[in-house]
Number of protein chains: 2
Amino acid sequence: METLRALAEPHRFQIVDLLLEGPRPVGDMVTQLGLRQPQVSKHLRVLSDAGLVDVRVDAQRRIYALRPMRFQELEVWLEKYRRLWEGNFQRLDALLDEMKTDEKKHGRTKR
Amino acid sequence: METLRALAEPHRFQIVDLLLEGPRPVGDMVTQLGLRQPQVSKHLRVLSDAGLVDVRVDAQRRIYALRPMRFQELEVWLEKYRRLWEGNFQRLDALLDEMKTDEKKHGRTKR
DNA sequence: AACGTATATGCGTGTCAAGGAATATTTAAA
DNA sequence: TTTAAATATTCCTTGACACGCATATACGTT
């Protein structure tokens with residue numbers, strides 16, 4: 001998922017977390033994050049290509065803001081994993097275990 | 001977040017999605033994904049180091065299974081972003097806009 | 001003990017992407 | 001129309017890492 005690749009970079013992760021507080025021009029992020037301007041612009045480019053942010057032009061400044069969709073998609077994907085901690089999972093573990101020991105004890109028990 | 005870095009790699013993403021169907025030995029994944037065994041082992045190492053999976057030894061085989069915690073953490077993080085699509089957000093956008101035009105029109109309106 | 005099976009690890013290589021510095025681009029202001 | 005401010009882009013270098021191949025390790029079987 002391209003979303004993950006974009007978010008995996010620590011600085012981009014920071015940028016996104018910053019933008020959660022609201023839309024911001026590039027310069028703001030530069031000072032807040034202590035990065036160099038070109039680097040921030042590049043990261044924003046990646047985030048933009050990944051559909052995580054969009055830009056609004058305001059004179060010389062570009063105001064970047066988060067775009068919900070990709071985050072929403074991420075949550076949808078993650079929902080599949082919720083059953084991991086909502087019990088009744090990993091029961092298959094024991095199941096596979098039985099199948100294996102069965103084979104060992106009586107050889108090919110199935111079919 | 002290390003979790004994201006681990007998941008960002010496409011093959012590891014596939015592996016995790018495979019493990020969602022239940023714990024599996026390495027060989028299974030090798031055939032299912034069409035990757036070479038050493039590569040799968042390496043990816044599993046990364047996933048393991050990231051806390052996303054754990055191993056259970058079964059004779060020569062190693063049964064890998066998903067570990068809930070990191071996914072849970074990911075969801076907690078993602079929850080902060082839910083307000084993005086649950087309305088009443090990006091209102092700050094307009095707010096900043098006003099501040100800016102205010103300054104232009106009358107200069108320093110605040111304080 | 002020897003061999004086979006399943007998995008892990010080490011090493012060399014190529015690729016890709018992040019950082020740095022310089023420069024281009026855009027728009028406002030004088 | 002020159003200058004300044006804000007941001008984007010280009011080129012270069014370097015480090016990380018995914019892959020392939022070979023090999024090591026662990027365990028079971030004969």
Side-chain angles (χ1 to χ4, degrees), chain A residues 1-16 18-19 23-50 52-65 96-97 99-108, chain B residues 1-16 18-19 23-50 53-65 96-97 100-105 107:
Chain A
M1 207 185 296
E2 188 179 7
T3 302
L4 289 177
R5 211 189 64 73
L7 291 174
E9 211 285 326
H11 287 147
R12 284 196 289 267
F13 190 81
Q14 289 185 48
I15 289 177
V16 167
L18 234 184
L19 286 177
R24 267 170 179 63
V26 180
D28 267 37
M29 315 193 218
V30 170
T31 57
Q32 296 231 14
L33 300 180
L35 303 177
R36 321 217 176 204
Q37 177 268 317
Q39 211 51 35
V40 173
S41 283
K42 287 179 203 170
H43 283 313
L44 286 168
R45 182 75 144 91
V46 175
L47 290 171
S48 178
D49 287 349
L52 286 162
V53 304
D54 66 352
V55 207
R56 185 168 59 79
V57 177
D58 168 68
Q60 313 109 338
R61 298 192 299 178
R62 311 291 156 100
I63 313 288
Y64 283 86
L96 280 186
D97 226 298
M99 286 171 48
K100 190 218 56 167
T101 39
D102 271 20
E103 259 185 42
K104 267 216 307 210
K105 278 187 178 161
H106 350 98
R108 332 220 102 280
Chain B
M1 208 184 297
E2 188 178 7
T3 302
L4 289 177
R5 210 188 64 75
L7 291 174
E9 209 287 326
H11 287 150
R12 285 197 288 267
F13 189 82
Q14 288 186 49
I15 289 178
V16 167
L18 234 183
L19 287 177
R24 269 170 177 64
V26 180
D28 268 36
M29 314 192 218
V30 169
T31 58
Q32 295 231 16
L33 300 180
L35 303 178
R36 325 223 171 197
Q37 177 268 317
Q39 211 50 36
V40 173
S41 283
K42 287 177 201 171
H43 282 313
L44 286 168
R45 181 76 142 91
V46 175
L47 290 172
S48 178
D49 287 350
V53 303
D54 64 354
V55 206
R56 185 168 58 80
V57 177
D58 167 69
Q60 313 108 341
R61 298 191 299 179
R62 312 291 158 98
I63 313 289
Y64 282 85
L96 279 186
D97 226 296
K100 190 218 53 165
T101 38
D102 270 20
E103 256 185 46
K104 271 216 302 210
K105 280 185 179 162

Distances under 3.5 Å between nitrogen or oxygen atoms of protein and nucleotides 24-26 of chain C:
none

Listed pairs, N/O of protein and of nucleotides 15-17 of chain D, under 3.5 Å:
residue : atom : partner : partner atom : Å
D/dC17  : OP1  : B/Arg5  : NH1          : 3.3

Under 3.5 Å between N/O atoms: give me all the protein pairs with nucleotides 20-22 of chain D, atom names plus distance.
residue : atom : partner : partner atom : Å
D/dG20  : O6   : B/Lys42 : NZ           : 2.3
D/dC21  : OP2  : B/Arg36 : NH1          : 2.9

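The CG atom of B/Leu44 sits 12 Å away from the P atom of D/dC19 (whole-angstrom rounding). Whole-Å rounding puts the A/Arg56 CZ to D/dT7 P distance at 12 Å. Taking atom CD1 of residue A/Ile63 and atom C1' of nucleotide D/dT7, one finds them 12 Å apart after rounding to whole Å. In this entry the distance linking CZ of A/Arg45 with P of C/dA17 reads 14 Å, nearest Å. Atom C1' of nucleotide C/dA29 and atom CZ of A/Arg61 are separated by 15 Å, given to the nearest angstrom. Distance A/Phe13 CZ to C/dA18 P: 16 Å, rounded to the nearest Å. The separation between B/Leu47 atom CG and C/dA8 atom P is 12 Å, rounded to whole Å. Taking atom CG of residue A/Asp49 and atom P of nucleotide D/dA8, one finds them 12 Å apart after rounding to whole Å.
Contact check, A/Tyr64 against D/dA6: no side-chain N or O comes under 4.0 Å of OP1 or OP2.
When side chains are defined from C-beta on, A/Tyr64 counts as touching A/Met29, because their heavy atoms get closer than 4.5 Å.
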What pairs of donor and acceptor atoms, side-chain ones from residues 6-16 of chain A against any protein atom, are under 3.5 angstrom apart with sequence neighbours left out?
residue : atom : partner : partner atom : Å
A/Glu9  : OE1  : A/His11 : N            : 2.8
A/Glu9  : OE1  : A/Arg12 : N            : 3.1
A/Arg12 : NE   : A/Ala6  : O            : 2.7
A/Arg12 : NH1  : A/His43 : ND1          : 3.2

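Residue whose closest nucleotide on DNA chain C sits further toward the 5' end, between A/His43 and A/Val57: A/His43.
The side chain to side chain contact (heavy atoms under 4.5 Å, CB included) test applied to A/Gln32 returns A/Leu18, A/Arg24, not counting sequence neighbours.
Between atom CE of residue B/Met1 and atom CG of residue A/Leu4 there is a gap of 10.5 Å, rounded to the nearest 0.5 Å.
Between B/Asp58 and B/Arg62, none of the side-chain N atoms (NZ, or NE/NH1/NH2) sits under 4.0 Å from a carboxylate O, so this pair counts as no salt bridge.
Counting only heavy atoms from C-beta on, B/Val26 has its side chain closest to C/dT7 among C/dT7, D/dT7, C/dA18.
Defining each end axis of the helix from C/dA1-D/dT30 to C/dA30-D/dT1 as the rotation carrying four pairs' C1' atoms onto the next four, with five pairs an end, the two axes are found to diverge by 10° to 10 degrees.
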